[in-house]
Amino acid sequence: MANVVVIGGQWGDEGKGKVVDILCPAFTDIVRFNGGNNAGHTVRFGDRHFALHIVPSGILQPGCRCLVGPGVVVDPVGLGEEIRSLEEQGISVRPRLVLSSRCHLVLPGHRALDLAREGSRPGGKLGTTGKGVGPTYESRAARTGVRLGTVRQPRRFRDAVLAASQDLERLLGAFPGATVPTSAEIDRWLEAALALAPMVGDVATALHPSSEPSRSILFEGAQGTLLDLDHGSYPFVTSSGCLAGFAAPACGLPARTIGGVLGVFKAYTTRVGSGPFPTELEDAMGEHLRRRGNEFGTTTGRPRRTGWFDAVAAAAAMRWNGIEAIALTKLDVLDEVAEIRLAVRYKLGSEELRELPDDSDDLAHVEPVYETLPGWQAQTSGVTSFSRLPERARSYVERLEELLGAPAVMISTGPRREETILRPVPPLRDWLPDDLLR
Ligand code: GDP
Ligand code: IMO
Ligand code: MG
């Protein structure tokens, strides 16, 4: 069995949580490798609804082990609440969750700094999630951060946190009116962090094939390709690597560990926060997609910006990640649309572009060149086989496959686990056991 990375191909919120939830029974280990609780992954089955932020989505299927790799930044208060909420809903979490000792911790000062920076950026807000994720990665790179493994020595941990908090307080001093965390807040945070100690372990060792050769790993990406720190629309990006290639090395595993890459794409596009979005719809159609697709952030509740599918941006995501197969989500959201548009090229002034520009300012000024396809105006919600989709919906999927050069092996027709088409074709057939594909 291959180890597979599930990666977002757009600006996040593609439906990675749902996809991971469906695939995870075929894997022994589900691993988060980037981001923090800026991520919000929603999973629905029956009448149950879960929002996951740090805990891998695999936790909802019994049996698999869930791991949080060193590249993830952990807010102990947020994670503690997430674990408690899952356990209150009857999900076994603590015995199945391993948190890397190398994870950097999001301190209260990091959150305060995130908010303070957003309030005073000369070019306007980035629209961060305000979870302190960016400043935590800054501390990691500045080598002033605190790592989770230190909780195993409580006295040393407390000293390290107090020193790091003082350091952050000095940085906050540059922002008039910034809220400095109180000592009561830091005490509550320390208590939450120390409570994580029993779950702390060495993720690289736990996942290494020598520990148990029959293990198979599903890496659950957070954010999306176009939010990648280097390859995304900088500076309107998150602060970690979001590409599939990061998954293994970020966890201390060789690059060859990755056996397959599944890219998750929405049948249209959304984005939360600021930054260029060439196919954005700021009209009644955009509002229709937002309402029909329930496009409100899982983490912050913010309305998501909506637009047509952008095949220029998606093609870049295909190449950068080495995506071999596509999971296409939210096809049902287009059910009522009479004419569906697809950006196939851009224009920048008199120049025609087939590649995503590397500069955000250029990306903000491109004009998409659209191809128009007839909508199916029939219900796909809940359809579970490709042949039962309306012909025009099949044509839309086939056109996307052609533009992206990979098969849509999974097509999602509703938020619930059950509302999914799985197509038993390669490479999915090589990745999953037959019983999951039936
Ligand atoms: P993630 O961050 O990539 O895991 O995506 P989110 O969970 O933040 O956002 C995706 C949203 O779309 C969630 O509310 C899902 O329940 C919902 N969703 C996923 N797939 C489908 C689908 O095929 N149709 C509809 N209508 N909703 C879906
Ligand atoms: P999932 O895993 C959508 C966006 C924020 C903002 C930018 C920087 O649910 O797909 P940050 O708080 O990371 O410093 O914010 O990145 N962003 C996301 N957008 N889905 C996410 O995660 C995101 N994580 C960060 O909206 O534009
Ligand atoms: Mg999300």
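Ligands are counted one by one from 1 in listed order, and the atoms in each one are counted from 1 as well. This chain uses plain numbering: 1 for the first residue, then up along the sequence. Everything numeric here is computed off the predicted structure, so don't read it as measured data.
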Of the choices [options], which has the non-hydrogen atom that lies closest to [atom]?
atom	options	result
atom 8 (C) of ligand 2	Thr270, Leu126, Val237	Val237
atom 17 (N) of ligand 2	Leu226, Leu227, Thr42	Leu227
atom 6 (C) of ligand 2	Gly127, Gly221, Gly275, Gly273	Gly127

Of the protein's non-hydrogen atoms, which lies at the shortest distance from [atom], and what is that distance?
atom	answer
atom 12 (O) of ligand 2	Thr129 OG1, 2.6 Å
atom 25 (C) of ligand 2	Gln223 CG, 3.7 Å
atom 17 (C) of ligand 1	Lys330 NZ, 3.9 Å
atom 10 (C) of ligand 1	Asp13 O, 3.7 Å
atom 4 (O) of ligand 1	Gly17 N, 2.8 Å
atom 23 (O) of ligand 1	Ser412 OG, 2.5 Å
atom 15 (O) of ligand 2	Thr128 CA, 3.3 Å
atom 15 (C) of ligand 1	Thr42 CB, 4.0 Å
atom 16 (O) of ligand 1	Pro415 CB, 3.6 Å
atom 24 (N) of ligand 1	Asp332 OD1, 2.8 Å
atom 2 (O) of ligand 1	Gly40 O, 2.8 Å

Practice task
Using distance alone, determine whether Lys18 and ligand 1 share an N or O pair under 3.5 Å.
Solution key: no
Problem - Leu331 N/O under 3.5 Å from ligand 1 N/O - result: no
Atoms of ligand 2 less than 4.0 Å from [X] heavy atoms?
X	result
Ala39	1 (P), 2 (O), 9 (O), 22 (O)
Trp11	3 (C), 19 (N)
Ala222	2 (O)

Under a heavy-atom criterion of less than 4.0 Å, does [X] contact ligand 2?
X	value
Arg271	no
Asp13	yes
Ser239	no

Would [X] count as a contact of ligand 1 if the rule is a heavy atom under 4.0 Å away?
X	answer
Arg417	no
Asn294	no
Gly414	yes

Where the side chain of [X] meets the backbone of [Y], is there a donor-acceptor pair that is under 3.5 Å apart?
X	Y	answer
His110	Leu107	yes
Gln10	Tyr268	yes
Arg394	Leu389	yes

Problem - Atoms in ligand 1 flagged as close to His41, the criterion being non-hydrogen separation under 4.0 Å - result: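 Counting from 1, the qualifying ligand atoms are 1 (P), 2 (O), 4 (O), 7 (O).
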Exercise for the section: Under 4.0 Å from a heavy atom of Glu14: give me the atoms of ligand 1 that qualify, with their elements. Expected result: 3 (O), 5 (O)
Does [X] approach ligand 1 within less than 4.0 angstrom via side chain, backbone, both or neither, non-hydrogen atoms only?
X	result
Arg44	side chain
Thr298	side chain
Arg416	neither

Taking 4.0 Å as the limit for heavy-atom contacts, which would you say applies to [X] with ligand 2: side chain only, backbone only, both, or neither?
X	value
Thr298	neither
Arg302	side chain
Lys16	side chain
Phe236	neither

Exercise for the section: I would like to know whether Arg302 and Thr300 meet side chain to side chain donor-acceptor pair (under 3.5 Å); could you show each step before the answer? Expected result: CA-CA 5 Å; Arg302 290 179 290 176; Thr300 59; 3.0 Å; yes
Under 4.0 Å between a Lys/Arg side-chain N and an Asp/Glu carboxylate O for [X] and [Y]?
X	Y	result
Arg399	Glu402	yes
Lys266	Asp13	no
Arg319	Glu355	yes
Lys16	Glu220	no
Lys18	Asp21	no
Arg44	Glu418	no
Arg292	Glu336	yes
Glu138	Arg117	yes
Glu295	Arg290	no

Practice task
Describe, in one word, how the ring planes of Phe33 and Phe219 are oriented to each other, choosing from parallel (under 30°), tilted (30 to 60°) and perpendicular (over 60°).
Solution key: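 If you compare the ring of Phe33 with that of Phe219, the planes turn out perpendicular.
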So, is [X] polar-close to ligand 2, with some N/O to N/O distance under 3.5 Å?
X	result
Asn38	yes
Val272	yes
Glu14	no
Gly40	yes
Asp114	no
Ser274	no
Lys131	no
His41	yes

Practice task
Look at atom CD of Glu398 and say whether more than 12 heavy atoms of other residues, nucleotides or ligands are closer to it than 6.0 Å.
Solution key: yes
Handout entry: Name, closest N/O/S atom of Asp13 to the Mg ion (ligand 3)
Key =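 Restricting Asp13 to its N, O and S atoms, the minimum distance to the Mg ion (ligand 3) goes to OD1.
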Practice task
Please confirm whether Arg416 makes a cation-pi placement over Phe45, using NZ or CZ under 6.0 Å from the six-membered ring centre and within 45° of the ring normal.
Solution key: no
Exercise for the section: Decide salt bridge (Lys or Arg N to Asp or Glu O under 4.0 Å) for Glu287 and Arg305; before the verdict, give the C-alpha distance in whole Å, the side-chain angles of both, and the deciding distance to 0.1 Å. Expected result: CA-CA 9 Å; Glu287 189 55 28; Arg305 299 158 67 193; over 6 Å; no
Problem - N, O or S atom of Gly12 closer to the Mg ion (ligand 3) than 2.8 Å - result: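 It does not; every qualifying atom lies at 2.8 Å or beyond.
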